[in-house]
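What follows is one structure encoded as structure tokens, with my remarks underneath.
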Amino acid sequence: MLRLVLSLVLLDPTAVAEVSQRNVPVPRVLTPDGDRLGYAPVPRPYTGARRLTGVLLGRDPVTRTNVLCGGTVIGSRSRSLVVTAAHCLYQNGRSLQQVTFLPGYDLGQPKLGVWQAVRVWVPDRWRTEPYSANLLPYDVGLVGVARRERPLEAVTGKGVRPMPTTRGTKLRGLELLGYPAGKGYPGTKMYRCVGDASEGLSEGPGLMITRNCHAAAGGSGGPALYGDALAGVVSSSSPMSDTQGYTVLTRLGESVFGRMLAKADKEMLKLPG
């Protein structure tokens with residue numbers, strides 16, 4: 001079991017490194033036509049879980065910088081919930097403001113509308129503990145969006161179902177989706193990467209790591225899909241200068257994510273339609 005002790009970077013678009021080397025060695029790239037990070041553009045039109053995936057925007061009220069992440073509609077009774085990374089909602093001890101979700105985002109166009117957040121949830125320890133590798137298993141959050149005339153799932157289709165896993169679970173053939181930004185990436189197109197994931201941390205609920213994909217800035221919060229289920233979200237990666245780059249995935253365990261999802265769904269159901 002790999003013990004994650006290497007330096008990690010949260011995938012902040014303001015910190016993109018301009019690099020030219022191949023970060024994922026050719027034999028490790030599993031994605032057809034995958035590039036130096038293991039990613040390839042998603043064919044259009046977006047269907048299935050890809051249609052449920054989009055861009056999540058937020059703004060830091062202190063630095064006045066914008067944050068771009070990914071997010072995915074997750075199935076719920078309220079039909080109005082989006083899953084992403086916790087650091088896409090809460091950074092540097094404060095909540096981001098003006099959080100907005102754009103499902104099916106493509107070439108600068110919000111194909112399925114612009115959905116404003118009315119509630120956000122992150123694990124308690126994400127708010128109270130300083131950043132470290134041991135905090136990464138809790139880097140998952142939820143966004144409740146305004147229902148307007150119809151709930152979110154009435155527009156996007158039924159949300160993806162969560163797939164809870166426990167520490168030590170290995171998964172082959174995950175599909176990571178996101179909107180990478182920086183060198184070679186416009187930040188306006190969806191990309192995919194196929195990867196195998198294994199255990200990456202022996203602390204707490206653990207987390208997954210894939211060495212087939214090296215997520216760039218803007219990839220945070222994007223889904224890690226296992227068939228038609230959501231097994232985790234993109235949390236962070238090794239530095240872009242790492243020629244053996246890897247990506248860290250926060251799994252959707254029952255003890256952390258399952259309880260948060262139940263709480264969020266209950267609270268959203270209480271809001272007026």
Side-chain angles (χ1 to χ4, degrees), residues 2 6-56 67-72 84-85 88 102-109 111 171-198 200 208-227 230-250:
L2 173 70
L6 300 178
S7 62
L8 293 165
V9 291
L10 293 181
L11 303 180
D12 183 348
T14 62
V16 177
E18 297 293 323
V19 293
S20 59
Q21 76 272 6
R22 174 165 284 280
N23 298 41
V24 178
V26 172
R28 289 184 182 169
V29 175
L30 303 182
T31 313
D33 300 319
D35 61 14
R36 63 185 177 85
L37 302 183
Y39 281 80
V42 171
R44 300 180 181 86
Y46 300 156
T47 60
R50 296 170 179 177
R51 177 181 167 89
L52 302 171
T53 300
V55 165
L56 189 77
V67 175
L68 181 151
C69 286
T72 307
T84 186
C88 295
L102 287 65
Y105 187 71
D106 185 33
L107 296 179
Q109 298 297 318
K111 300 291 187 178
L171 296 174
R172 296 180 62 84
L174 288 170
E175 181 181 60
L176 278 59
L177 299 176
Y179 292 83
K183 185 176 182 179
Y185 298 111
T188 59
K189 294 171 57 178
M190 190 185 302
Y191 282 72
R192 66 186 290 260
C193 184
V194 178
D196 299 333
S198 58
M208 296 181 289
I209 186 170
T210 175
R211 294 188 175 277
N212 310 113
C213 308
H214 194 181
S220 287
L225 299 164
Y226 189 67
L230 180 66
V233 298
V234 174
S235 168
S236 49
S237 74
S238 58
M240 286 290 107
S241 59
D242 186 357
T243 58
Q244 300 289 323
Y246 60 87
T247 295
V248 172
L249 310 170
T250 300

Check against side chain to side chain contact (heavy atoms under 4.5 Å, CB included), Arg211 and Val24: CA-CA 7 Å; Arg211 294 188 175 277; Val24 178; over 6 Å; no
Distance in Å, Leu225 CG paired with Leu52 CG, rounded so as to fall on 0.5 Å steps: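 Here the rounded value is 9.0 Å.
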Within this structure, what is the OG1-CG distance for the pair Thr247 and Leu174, rounded to the nearest 0.5 Å?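 If I round to the nearest 0.5 Å, the distance is 11.5 Å.
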Any side-chain heavy-atom pair from [X] and [Y] closer than 4.5 angstrom?
{"X": "Asp196", "Y": "Leu171", "value": "no"}
{"X": "Tyr179", "Y": "Thr188", "value": "no"}
{"X": "Leu68", "Y": "Val55", "value": "yes"}
{"X": "Leu177", "Y": "Thr72", "value": "no"}
{"X": "Ser198", "Y": "Ile209", "value": "yes"}
{"X": "Arg28", "Y": "His214", "value": "no"}
{"X": "Arg192", "Y": "Pro32", "value": "yes"}
{"X": "Lys111", "Y": "Arg51", "value": "no"}

Identify the two heavy atoms, one from [X] and one from [Y], that lie closest to each other, and give their separation to 0.1 Å.
{"X": "Cys88", "Y": "Leu56", "value": "CB-CD2, 4.3 Å"}
{"X": "Thr53", "Y": "Pro223", "value": "OG1-CG, 3.6 Å"}
{"X": "Val42", "Y": "Tyr191", "value": "CG2-C, 3.7 Å"}
{"X": "Gly70", "Y": "Thr84", "value": "O-OG1, 2.8 Å"}
{"X": "Gly245", "Y": "Ser238", "value": "CA-OG, 3.3 Å"}
{"X": "Ala224", "Y": "Leu249", "value": "CB-CD1, 4.1 Å"}

[X] side chain vs [Y] backbone, donor-acceptor pair below 3.5 Å:
{"X": "Thr250", "Y": "Gly232", "answer": "no"}
{"X": "Ser236", "Y": "Val248", "answer": "no"}
{"X": "Asn23", "Y": "Met240", "answer": "yes"}

Arg172 atom CZ, over 12 foreign heavy atoms within 6.0 Å: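 Open.
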